[in-house]
Protein chains: 2
Amino acid sequence: MVEDDIFRALADPTRRAIFEKLAAGSMNASALRQGMAISQPAMSQHLAVLRGAGLVREARQGRFVNYDVDPAGLALIAQWLAKYRAYWPARVDALEAVLKEMDQ
Amino acid sequence: MVEDDIFRALADPTRRAIFEKLAAGSMNASALRQGMAISQPAMSQHLAVLRGAGLVREARQGRFVNYDVDPAGLALIAQWLAKYRAYWPARVDALEAVLKEMDQ
DNA sequence: GAAACAGATAAGCAGACGCTTATGTGAAGC
DNA sequence: GCTTCACATAAGCGTCTGCTTATCTGTTTC
């Protein structure tokens, strides 16, 4: 299951921290490691998990590998969350209604 | 961390299935077990995890315990997700703008 | 109050997770 | 082409998960 990978990836605080850093701007693995008390292999493994979950994308640039947030993963979470919109605060529900009007 | 609990709770497919069932309507543990090939202790343990994450609430009713979706947990996910709205599809972003107008 | 029932908790165990150290791979620079 | 650098992968290890069976707690019913 794809959702398994996404939620499992985000269950680790270190991985969420990495993701948060990437959300502020794309970076390579070394830059990500700055100020994070984490070994190089650990970072590589975390990035592999995030990538496998569709939360992060990679792009080789010479001998660096640049990572950035993959909207696909976030979209899946939003989609999952939308299934339970009945339980969201009324304010968010009202927003949904407006969205539908906008689409028409 | 609260988010640890939430994402960890949802990382398990069985727990997501339980949550999905509860989203369709509140139920006691026995009813939840119907058609789920899961032992009574396992169900109890899963519900404890979901409850600990703020995704589910319980209410004693005689010798039954009724469970239902706790909006608090979902709200936290929505809040977490909102931090990365920059990466959502443009359509959702437009929606956010409308919401702000509505609030004023 | 004893039996029956809904559910929680305890203990134990196989498998998964996240880390470590060591080594491999691919590109850059001389 | 050899070294250096950025990163990935392999192997091993302690810890955590999710399951099981067995037992306990609390409530209803007679």
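If you're wondering where the values come from, they're calculated on a predicted model, not measured in any experiment. Side chains included, hydrogens not; waters and symmetry mates left out as well; all remaining heavy atoms used. Lettering follows sequence order; numbering is per chain, from 1.
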(message) Please report the distance, rounded to the nearest Å, between CG in B/L32 and C1' in C/dG7.
(response) 12 Å
(request) Report yes or no: does A/R16 contribute a side-chain atom to a donor-acceptor pair with the main-chain N or O of A/L10 at less than 3.5 Å? (result) yes
(request) Say whether, by atom type as modelled, one donor and one acceptor occur between the side chain of B/Y67 and the main chain of B/L47 under 3.5 angstrom. (result) no
(request) Determine: side-chain N/O of B/R63 to OP1/OP2 of C/dG7, distance under 4.0 Å, yes or no. (result) no
(message) Just the rounded figure in Å: distance from C1' of C/dC17 to CG of B/D12.
(response) 14 Å
(message) Need one value for A/R15: base, sugar-phosphate or nothing, where a base atom within 4.0 Å counts as base even if backbone is also close, heavy atoms only.
(response) sugar-phosphate
(message) Please check: side-chain N/O of A/R51 versus main-chain N/O of A/A53, any donor-acceptor pairing under 3.5 Å?
(response) no
(message) Can you measure A/M43 atom CE to C/dT20 atom C1' for me and round it to whole angstrom units?
(response) 16 Å
(message) Check this for me, if you would: do A/D12 and B/R8 make a salt bridge, where the nitrogen-to-carboxylate-oxygen distance has to be below 4.0 angstrom?
(response) no
(message) From C-beta outward on B/S44, which listed nucleotide comes closest to its side chain: C/dG7, C/dA8, C/dA22?
(response) C/dA8
(message) Counting only heavy atoms not in B/R57 (residues, nucleotides, ligands), do more than 12 fall under 6.0 Å from its CZ?
(response) yes
(message) With a 3.5 Å cut-off and heavy atoms only, can you find an N or O donor on one side and an acceptor on the other between the side chain of B/Q45 and the base of C/dA8?
(response) no
(message) Output the rounded distance in Å from CD (A/Q40) to C1' (C/dT21).
(response) 12 Å
(message) Under 4.0 Å from a heavy atom of chain B: give me the 5'-most and 3'-most nucleotides of DNA chain D that qualify.
(response) D/dT17 to D/dT28
(message) If I take atom CG in residue B/L47 and atom P in nucleotide C/dG7, what distance separates them, rounded to the nearest angstrom?
(response) 9 Å
(request) Starting at atom CG of A/D4, determine the distance to atom C1' of C/dC17, rounded to an integer number of angstrom. (result) 15 Å
(request) Please tell me which of A/V49 and B/Y67 maps to the more 5' nucleotide of DNA chain C, matching each residue to the nucleotide holding its nearest heavy atom. (result) B/Y67
(request) Assign A/R51 to base, sugar-phosphate, or nothing according to its heavy-atom contacts below 4.0 angstrom with the strands shown. (result) nothing
(request) Kindly indicate whether the side chain of A/L55, heavy atoms from C-beta on, has any atom under 4.5 Å from the side chain of A/R15. (result) no
(request) May I ask you to decide if the ring planes of B/F19 and A/W80 are parallel, tilted or perpendicular, using 30° and 60° as cut-offs? (result) parallel
